[in-house]
Amino acid sequence: MKLKFDPDNPKYVHIDTLKKADEALEKLEKEPVIGVDIEGTGLDPYTAKLLLVQIGNEEVSYIFNAQQLDLKAIPRLKALLEDPKKIKILHNAKFDYKFIKVQVGASMNNLYDTMLAGAVLTAGLTGKNPSLKELTMKYCGFDMDKGVRKSFHNHMGRITEDQLKYSALDTLAMFPIFKEQVKRLKKEKLVRVAKLEFASTRVVAEMELRGIIINIPEWKKVIKNLEKKRDQYAAQFQEAIQPYYNRRTKDLFGNDVDVMNMNSQAQLMDLFNKRLGLDIPSTSAGVLENVDHPIVNILSDYRKYEKLISAFGDSLLEQVNPVTGRLHPDFNQMGTATGRFSCRNPNLQQIPRNSEEAPFRELFNPAPGYKLVTADYSSFEMRILADLSGDEKMITALREGKDLHSYTASLMFNVDYYPKSEFKKKNPGLRQIAKPIGFGLMYGMSAQGLAAQLGVSPEKGEEYMELYFKSYPSVRKFLDGLSDNAVKKGWSMTPMGRKRWYKKPSPSDPDYRRRMSSIRRQAKNHPIQGTNADAIKFAFVFIQKYFDSGEFDGGITHTVHDEIVCEVREDQAEDWAKIQSDEMIKAAELFIKKVPVASDPFVGDIWEH
DNA sequence: AGAGGTGGTG
DNA sequence: CATGCACCACCTCT
């Protein structure tokens, strides 16, 4: 592609006076498309300082110096960034959106994100979002020096010419990338998916800015209690294994010394298989629970507590933001091959369900005067399977509000249907066979896998599977069609057109069959899991409208795949709960038309799920 | 620094 | 033949 700028000598204007700002804005206001990027001293919009805001067209970058100018006091700048008629191209727009919202006071809209577009165009192939450097190499054909970026992080004093050049290049390079990506998005019929991602990203940014409160003192108490328990089991363990080691158990000062490291898989294997005479393939929980030995039991107890402490203890508390006092996790809206969100620092999508000893979710609370509203789709993926497969019996059962797993069991074993608890009473065990099949199938599980999970013979597993498919013949056809199609075309697709690509192995690959099987399973799961993700993202966009309009005081705090949590002013919370689940249902009904969609809201002072 | 094992979530 | 999807955090070990 022929570039409209010189990568070695990009055109830029350093805006450090109000007069220059006016001149730049005069030019930029005429552009239908602008590139936007920022430089700051760090990654957190609340603690890092905004240094530069670069806004450009395809030939020149206007670099607003946020240290020398009070950008909040330039109304024309805010108006430019908030002009809904102007397309703003950014790379990882969420990041810049947050800085500009907090430190310029502008809420950007009509975003085009080169990172998300790249992710949508290569879903399943790379495992990560493309960097601007990679896209620049791919579409502009030159190598971008990212070494200068670090120089902003301990920035002192004046901006150097090198820094300005580097900053200018970012907005300039995005134009050719944008043009080329748009062509490809059209070719792959991914425009609608890309638009959904672009519309979602400012919602995600708003969600991250809001963050969520946790009750720190109570959290610490819970951890302390868990530590006490863990230490008791650790002491028991060290005591119990002493006879198997020739080692001093006291140090020079008479303190107890651990005989071994209980967290070391290698040392545990040595203990179990060499010293205790067991014969176990691994020390995972699934293996240990089938071993009847007091030392093994102690380890299992210890592990339960150690896990909670290490994953959800101090390290999580350290991530509370010093400015807001809240957690602001980093959500990656293209963090998975299927279109689902991933989340980190901390990952709120893996906080344990509430339990007696570790009621972590109860310690996620609204601000005073607010409520948390939690709503999740009920058995959404089963409904998606029913709808997409078009299986008449499954659809009818869901329309009639039947408990699907009981109904499935009644078909499989030719017994009468009753609602869940009654069915369980009359036919003990049957529902517990049907339920794992339903879930397992959505993961492409085989008869052998099912047998292993149910703890029955492979023959029995085969028999159950056949009974299931005889009950729902369209489900088998649908799932097999998905995997055949993926193998033939090299990709799978959700009803809205979100694609996931597969890298087919060479037939000479020693793992050829294993890899092909894996692709077949992934292709069965992708349209189901991906449709859930598509619906959640539409729901995000629908829901955010109510908060943007000012009609409701609050915002989204987080999402866990089929669940959205909002923090809403107390007096509005009950009305909001209805709107939140209605909007989630509306979003899902864009794709799911044959079976009813349900979303159950909960209003309270805790994160309830 | 990265891989492997383990285990938390939907 | 080998056979359940999608993640992230923490730990040990090399």
Not counting sequence neighbours, which residues clear side chain to side chain donor-acceptor pair (under 3.5 Å) with [X]? List them please.
X      : result
A:E134 : A:K128
A:R192 : none
A:D270 : A:R275

> Among residues 442-465 of chain A, which residues get a heavy atom nearer than 4.0 Å to DNA chain C?
Replying inline: A:Y443, A:M445, A:S446, A:Q448, A:G449, A:Q453
> Listed in order of residue number, which residues of residues 277-291 of chain A have a non-hydrogen atom at under 4.0 Å from DNA chain C?
Replying inline: none
> Is the A:F540 to A:F331 ring centre distance short of 6.0 Å?
Replying inline: no
>> Can you confirm if the aromatic rings of A:W607 and A:F602 lie within a centre distance of less than 6.0 Å?
In response: no
>> Could you walk me through whether A:E589 and A:K586 satisfy the salt bridge (charged side-chain N to carboxylate O under 4.0 Å, His left out) test, starting with their C-alpha distance in whole Å, then the side-chain angles of each, then the deciding distance to 0.1 Å, before giving a yes or no?
In response: CA-CA 5 Å; A:E589 285 176 346; A:K586 266 191 227 164; over 6 Å; no
With a 3.5 Å cut-off and sequence neighbours excluded, list the donor-acceptor pairs that the side chains of residues 286-297 of chain A form with protein atoms.
from, atom 1, to, atom 2, distance (Å)
A:N290, ND2, A:G286, O, 3.2
A:H293, ND1, A:I295, N, 3.1

> Given side chains that start at C-beta, do those of A:V541 and A:S200 come closer than 4.5 Å, heavy atoms only?
Replying inline: yes
> Would you say A:K133 has more than 12 foreign heavy atoms packed within less than 6.0 Å of its NZ?
Replying inline: yes
> More than 12 heavy atoms of other residues, nucleotides or ligands under 6.0 Å from NZ of A:K435: is that the case?
Replying inline: no
> Going from CD1 on A:I556 to CZ on A:R210, what distance comes out if it is rounded to the nearest 0.5 angstrom?
Replying inline: 10.0 Å
>> Any residue in residues 353-366 of chain A with a heavy atom nearer than 4.0 angstrom to DNA chain B? Just list them by number, or reply none.
In response: A:R353, A:R361
>> Can you build the contact string for nucleotides 6-14 of chain C? Use B for base contact, S for sugar-phosphate-only contact, and - for no protein heavy atom under 4.0 Å.
In response: BSBBSSSS-
> How close or far is atom P of C:dC5 from atom CE of A:M382, stated in whole angstroms?
Replying inline: 18 Å
> In chain order, what residues pass the side chain to side chain contact (heavy atoms under 4.5 Å, CB included) check against A:F478, with sequence neighbours excluded?
Replying inline: A:L385, A:L388, A:S389, A:L482
> How would you label the contact of A:L348 with the nucleic acid (heavy atoms, under 4.0 Å): base, sugar-phosphate, or nothing?
Replying inline: nothing
>> Considering only residues two or more places apart or on different chains, which pairs with a residue in residues 295-316 of chain A satisfy salt bridge (Lys or Arg N to Asp or Glu O under 4.0 Å)?
In response: A:R230-A:E306
> Quick one: salt bridge (Lys or Arg N to Asp or Glu O under 4.0 Å) pairs with a partner in residues 333-348 of chain A, sequence neighbours left out?
Replying inline: A:D330-A:R344, A:R340-A:E381
>> With rounding to the closest Å, how many angstrom separate the P atoms on B:dG7 and C:dC1?
In response: 30 Å
> A:Y305 vs A:Y233 aromatic rings, parallel, tilted or perpendicular, using cut-offs 30° and 60°?
Replying inline: parallel
>> Side-chain N or O of A:R513 versus OP1/OP2 of C:dA2: is the shortest distance under 4.0 Å?
In response: no
> First and last nucleotide of DNA chain B touching chain A, 5' to 3', heavy-atom cut-off 4.0 Å?
Replying inline: B:dG5 to B:dG10
